[in-house]
Amino acid sequence: MKYNRCGKSGLLLPQISLGLWHNFGSVDNFENGENIVKEAFNKGITHFDLANNYGPVPGSAETNFGKILKKNFQGNLRDEIVITTKAGYTMWEGPYGDWGSRKYLLSSLDQSLKRMNVDYVDVFYSHRFDPETPLEETMMALDYAVRSGKALYAGISNYNAEQTKEAAEILKRLGTPCLIHQAKYSMFVREPESGLLDVLEEKGIGCIAFSPLAQGLLTDKYLKGIPENSRASNPNGHLQLEEVSEAKIVKINGLNEIAQQRKQSLAQMALAWLLKDNRITSVLIGASSVRQLNNNIDSLQNLDFSADELAKIEHILG
């Protein structure tokens, strides 16, 4: 595992980080999740990413992760891992359980610390920009979280380029620099290239890409269409049926041919493609099994792309 410096900070993050968005909730098999976390750590993944509402049910991923920590990461091992969590999406009913107010963010952080049974998190994120709350209030809440010792660093997620620039400037004035931006980025989602990555580079902020496999589209699962038991076939899933169009399947097959020539799976190539940009600190993967985790980690065995390969990929993506 190689570790990249996060922006202009002193913090190093593994090129691949593990996200607990799926497969670690109260509805999932605890032992399977525990095995994935242990294997990830043994393979050099030191960064584990959560949010207050990860589950289902909301909060249960943090609760389960807390149990995994207590059982497997006692003593100084807490100092060997980076734990991150976020608040910004709906967590509880009523006026104080959503968005970006100081009350919600700091209440949520306290709840997250209790669920995970830790004294602090390494990064606390504002999970999304709140158009109704002054940005100064949201950033002051992150600043307070760091100054209070409940978080070591501040981060933001799902902010556009202009919002990121303003947030970073506020945090710098407050004396708590923005460490990292968590952005949705993959071969199929290219918005960060339209200004955001330039802002992050200018401000010295790291970037971690989430949904790097486009909710599973950039795997061999959809080469022949939509299989049963896939995210696209689940009406309650985050990947909608209409996103798996015939045109998209043609692109997936074209990309898969290039991956095979590189002696990689499509998923491995998709992760490597993101890491070719030195502005990307880490890519955030999910895993439903130890086998899937290791398959994704193996993407690190071939991160180099020829100019010809990159041109072919761009032609397929259109």
same_hphob_cluster(Trp99, Met91) at 4.5 Å side-chain heavy-atom cutoff: no
Side-chain heavy-atom pair Leu142, Thr176 within 4.5 angstrom cut-off: no
Rounded distance (nearest 0.5 Å) linking atom CD of Glu137 with atom NZ of Lys103: 11.5 Å
Salt-bridge present (Arg190, Glu193; N to O < 4.0 Å): yes
Student check: side-chain heavy atoms of Arg5 and Thr281 closer than 4.5 Å: no
Close aromatic pair by centroid cut-off 6.0 Å: Tyr54 and Phe24: no
CD/Glu93: more than 12 non-hydrogen atoms of other groups inside 6.0 Å: no
Pair Phe41 and Phe48, ring centroids less than 6.0 Å apart: no
Shortest non-hydrogen contact from Cys207 toward Arg279: CB-O, 3.5 Å
More than 12 heavy atoms from other groups under 6.0 Å of CG on Asn117: no
Any donor-acceptor N or O pair under 3.5 Å, side chains Gln15, Ser282: no
Passing candidate, side chain to side chain contact (heavy atoms under 4.5 Å, CB included) with Leu271, options Ser186, Ser265, Pro212: Pro212
Side-chain donor or acceptor of Asn256 paired with backbone N/O of Ile252 under 3.5 Å: no
Exceeds 12 heavy-atom contacts within 6.0 angstrom, atom NZ of Lys251: yes
Lys/Arg-Asp/Glu bridge criterion (N-O < 4.0 Å) met for Arg173, Glu169: no
Side-chain hydrophobic cluster, 4.5 Å single linkage: members besides Leu106: Tyr144
Close side-chain approach of Lys2 and Pro14, heavy atoms under 4.5 Å: no
No-hydrogen, no-angle side-chain donor-acceptor test under 3.5 Å, Gln292 and Ser288: yes
Exceeds 12 heavy-atom contacts within 6.0 angstrom, atom NZ of Lys276: yes
CG on Leu12 to CE on Met1, rounded to 0.5 Å: 13.0 Å
Value rounded to 0.5 Å, distance of CG in Leu255 from CG in Asp220: 13.0 Å
Tyr159 ring center near Phe129 ring center (under 6.0 Å): yes
Within 6.0 angstrom of Arg78 CZ, more than 12 heavy atoms from elsewhere: yes
Flag if over 12 foreign heavy atoms under 6.0 Å of CG, Asn76: no
CZ on Phe73 to CD1 on Ile68, rounded to 0.5 Å: 8.0 Å
Hydrophobic cluster identity match, Val37 and Leu77, side-chain contacts under 4.5 Å: yes
Lys NZ or Arg CZ of Arg262 over Phe305 ring: under 6.0 Å, within 45°: yes
Non-hydrogen side-chain atoms of Asp28 and Asn32 separated by less than 4.5 Å: no
Non-hydrogen side-chain atoms of Leu200 and Thr164 separated by less than 4.5 Å: yes
Minimum heavy-atom distance between Phe188 and Ala214, given as atom pair plus value: CD1-CB, 4.1 Å
Nearest-0.5 Å distance that lies between atom CD in Gln261 and atom CD in Glu309: 8.0 Å
Co-membership, hydrophobic cluster, residues Val189 and Leu213, 4.5 Å side-chain: no
Between Asn296 and Gln268, a side-chain donor and acceptor under 3.5 Å: no
Distance-only donor-acceptor check, side chains Asp49 and Thr84, under 3.5 Å: yes
SB check Asp98 Arg128 (cutoff 4.0 Å): yes
Same apolar cluster: Trp21 and Tyr89, side chain cutoff 4.5 Å: no
Cluster check Ile205, Val146: I/L/V/M/F/W/Y, side chain < 4.5 angstrom: no
Flag if over 12 foreign heavy atoms under 6.0 Å of CD, Glu202: yes
Smallest separation among heavy atoms of Leu20 and Ala61, with atom names: O-CB, 3.8 Å
Thr46-Glu80 side chain donor-acceptor pair, cut-off 3.5 Å: no
Donor-acceptor side-chain pairing of Lys184 and Asn158 below 3.5 angstrom: no
Other ILVMFWY residues reachable from Leu11 by side-chain steps of under 4.5 Å: Leu13, Val82, Tyr120, Val123, Tyr125, Leu152, Tyr153, Leu179, Ile180, Ile208, Phe210, Leu284
Carboxylate-amine/guanidinium proximity below 4.0 Å for Asp110 and Lys114: no
Pairwise distance CG(Leu135) to CG(Asp130) - rounded to 0.5 angstrom: 9.5 Å
Student check: side-chain heavy atoms of Lys86 and Asn52 closer than 4.5 Å: no
Lys150/Asp119 salt bridge by N-O under 4.0 Å criterion: no
More than 12 heavy atoms of other groups within 6.0 Å of Glu257 CD: no
Ile156 side chain reached by Cys178 side chain, heavy atoms, under 4.5 Å: yes
